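Counting starts at 1 for both ligands and their atoms, in listed order. Excluded from the calculations below are hydrogen atoms, water molecules and symmetry mates; all remaining heavy atoms, backbone and side chain alike, are included. A quick note: this is a predicted structure, and the numbers were derived from the prediction, not measured. All residue numbers refer to positions in the sequence shown, counting from 1.
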Amino acid sequence: MDIRLTDRINRIEASPTLAVAAEAERYRARGVDVVDFGPGEPDFPTPEHIKDAAIEALRKNFTKYTAVAGIAPLRQAIVEWHAAQFGSVYEPPECVVTVGGKHAIFNAVGVLIDSGDEVLIPAPYWVSFPDIVKYCGGKPVIIETRAADGFQLRAAQVEMAIGPRTRMLIVNSPNNPTGAVVPPEEFARILEVCRRRGIWLLSDECYSHFVYEPAKPFSIGSATEAKGNIIVVGSLSKTFAMTGWRVGYALAPKPVADAIAKLQSQSTSNPTSIAQYAALGALRGSMDSVATMLAEYARRRARIIGGVCELPGVGCSTPDGAFYIFPDVSARLAGGDGIALARQLLEKSHIAVVPGEAFGAPGYIRISYATSMEHIEEGLRRFKQFFAGAAAAL
Ligand code: PLP
């Protein structure tokens with residue numbers, strides 16, 4: 001049969017970060033010892049008390065459908081946790097539990113963006129933002145941020161990029177892939193622009209708790225007077241090392257939350273029941289594991305930046321958040337591109353990284369330090385060897 005796929009699916013690409021993971025997996029399957037700097041996920045196990053909450057839910061047979069927008073105690077726990085962490089004021093009807101943060105973004109864009117609407121996306125951007133917008137019929141409009149400026153997004157840039165069709169700005173702070181953190185004062189200015197120009201500010205806070213001194217966890221959702229313009233997207237994936245459980249949430253004005261729930265009612269239905277109980281255990285339980293992970297990430301960040309900065313012709317700044325560095329390798333491309341460089345790194349040195357092209361930033365590579373210190377040491381050793389001979393290789 002002649003297989004004809006829809007225009008909307010043909011508008012998007014498979015996630016390039018997942019493609020890197022698949023390629024690294026193929027090498028591993030052949031017995032190759034890959035140092036994997038690709039993954040965007042904590043290498044820590046889910047804390048015991050969270051797993052226990054899921055086991056208890058299973059034992060109690062909480063294995064049926066739940067309310068589409070999530071179980072009532074979890075929606076309550078999310079708004080209370082968010083209030084305690086960031087000083088926001090949300091009510092459970094303004095909260096929808098989703099199948100990870102990605103799903104919350106997909107649904108929010110799905111209910112707010114019509115065909116031809118423009119969505120502002122600062123670059124470097126997380127790979128899924130433009131494709132989610134495109135799938136929903138919208139047009140991504142990219143705002144470039146610069147390495148020399150610490151990849152900082154400025155309110156003035158947002159103001160200049162807004163046109164008659166602009167409906168939304170997506171801000172991801174701490175940022176994947178750069179680790180850049182928007183300072184609260186600038187965030188407030190960005191929000192003010194959005195409010196004045198009548199556009200949505202979608203704030204992706206998936207890395208909210210991975211910020212390094214002097215930066216502090218921050219949510220623009222704490223700007224309670226402007227809640228009507230804000231959609232907060234959160235996730236338990238990174239904060240609680242729960243990537244596989246697939247729990248995230250959206251906090252939004254009630255009509256938007258209702259629309260997201262309506263979309264879920266005709267697509268995924270509720271997120272997995274036992275994962276919701278695990279999430280409840282996470283949000284009601286101790287945050288000690290988060291502090292432990294952050295301290296370990298800080299140690300790794302210092303080591304990897306120290307090592308990468310020593311590589312000849314590779315430039316790297318110190319980001320304030322997340323668990324990525326985004327070095328400038330443009331001087332080492334020798335006529336090739338980042339994709340070729342990433343391929344060479346994997347083939348010759350068995351190091352997996354994600355090329356900057358995936359994030360709208362050619363000339364860079366993303367290195368995740370959500371991996372053990374031993375892997376970091378071994379990776380640095382291989383990078384050093386590779387870059388010593390790379391000019392000839394590329
Ligand atoms: N937003 C950003 C910036 C991310 O990096 C990710 C995952 O890598 C997500 C959202 C989605 O995470 P999840 O769907 O696991 O909550």
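A ring-centre distance under 6.0 Å is not found for Tyr212 and Phe323.
Among Ile105, Asp204, Asn176, the residue whose heavy atom lies nearest to atom 2 (C) of ligand 1 is Asp204. Evaluated by nearest non-hydrogen atom to atom 16 (O) of ligand 1, the leading choice among Ala322, Gly244, Ser235 is Ser235. Of the options Met242, Lys238, Glu205, Lys102, the smallest heavy-atom separation from atom 7 (C) of ligand 1 is shown by Lys238.
Surrounding NZ of Lys384 are at most 12 heavy atoms belonging to other residues, nucleotides or ligands under 6.0 Å away.
Taking distance alone, with nitrogen or oxygen atoms compared against 3.5 Å, Ser237 approaches ligand 1 more closely than that limit. Close N/O approach between Gly101 and ligand 1 is found [any backbone or side-chain N/O within under 3.5 Å].
Of the heavy atoms in His103, none comes closer than 4.0 Å to ligand 1. Residue-level proximity to ligand 1 for Arg246 is carried by the side chain, the only part with a heavy atom below 4.0 angstrom.
For the pair Asn172 and ligand 1, a heavy-atom separation below 4.0 Å is found.
Ligand 1 places these atoms under 4.0 Å from at least one heavy atom of Gly100: 14 (O), 16 (O). Close approach of ligand 1 to Cys206 (heavy-atom distance below 4.0 Å) involves ligand atoms 1 (N), 9 (C), 10 (C).
Between the side chain of Thr239 and the backbone N or O of Leu236 there is no donor-acceptor pair closer than 3.5 Å.
Between the side chains of Asn175 and Ser173, no donor N or O sits under 3.5 Å from an acceptor N or O. Using modelled atom types, one finds no donor on one side chain facing an acceptor on the other under 3.5 Å when comparing Asn270 with Gln264.
Screening residues 310-326 for side chain to side chain donor-acceptor pair (under 3.5 Å), with sequence neighbours left out, gives Tyr207-Tyr324.
Nearest protein heavy-atom neighbour of atom 4 (C) of ligand 1: Trp126 CE2, 3.4 Å.
Remark: Glu357 pairs with no residue by the salt bridge (Lys or Arg N to Asp or Glu O under 4.0 Å) rule, at least two apart or across chains.
A cation-pi contact links Arg30 to Tyr27, judged by a cut-off of 6.0 Å to the six-membered ring centre and 45° from its axis.
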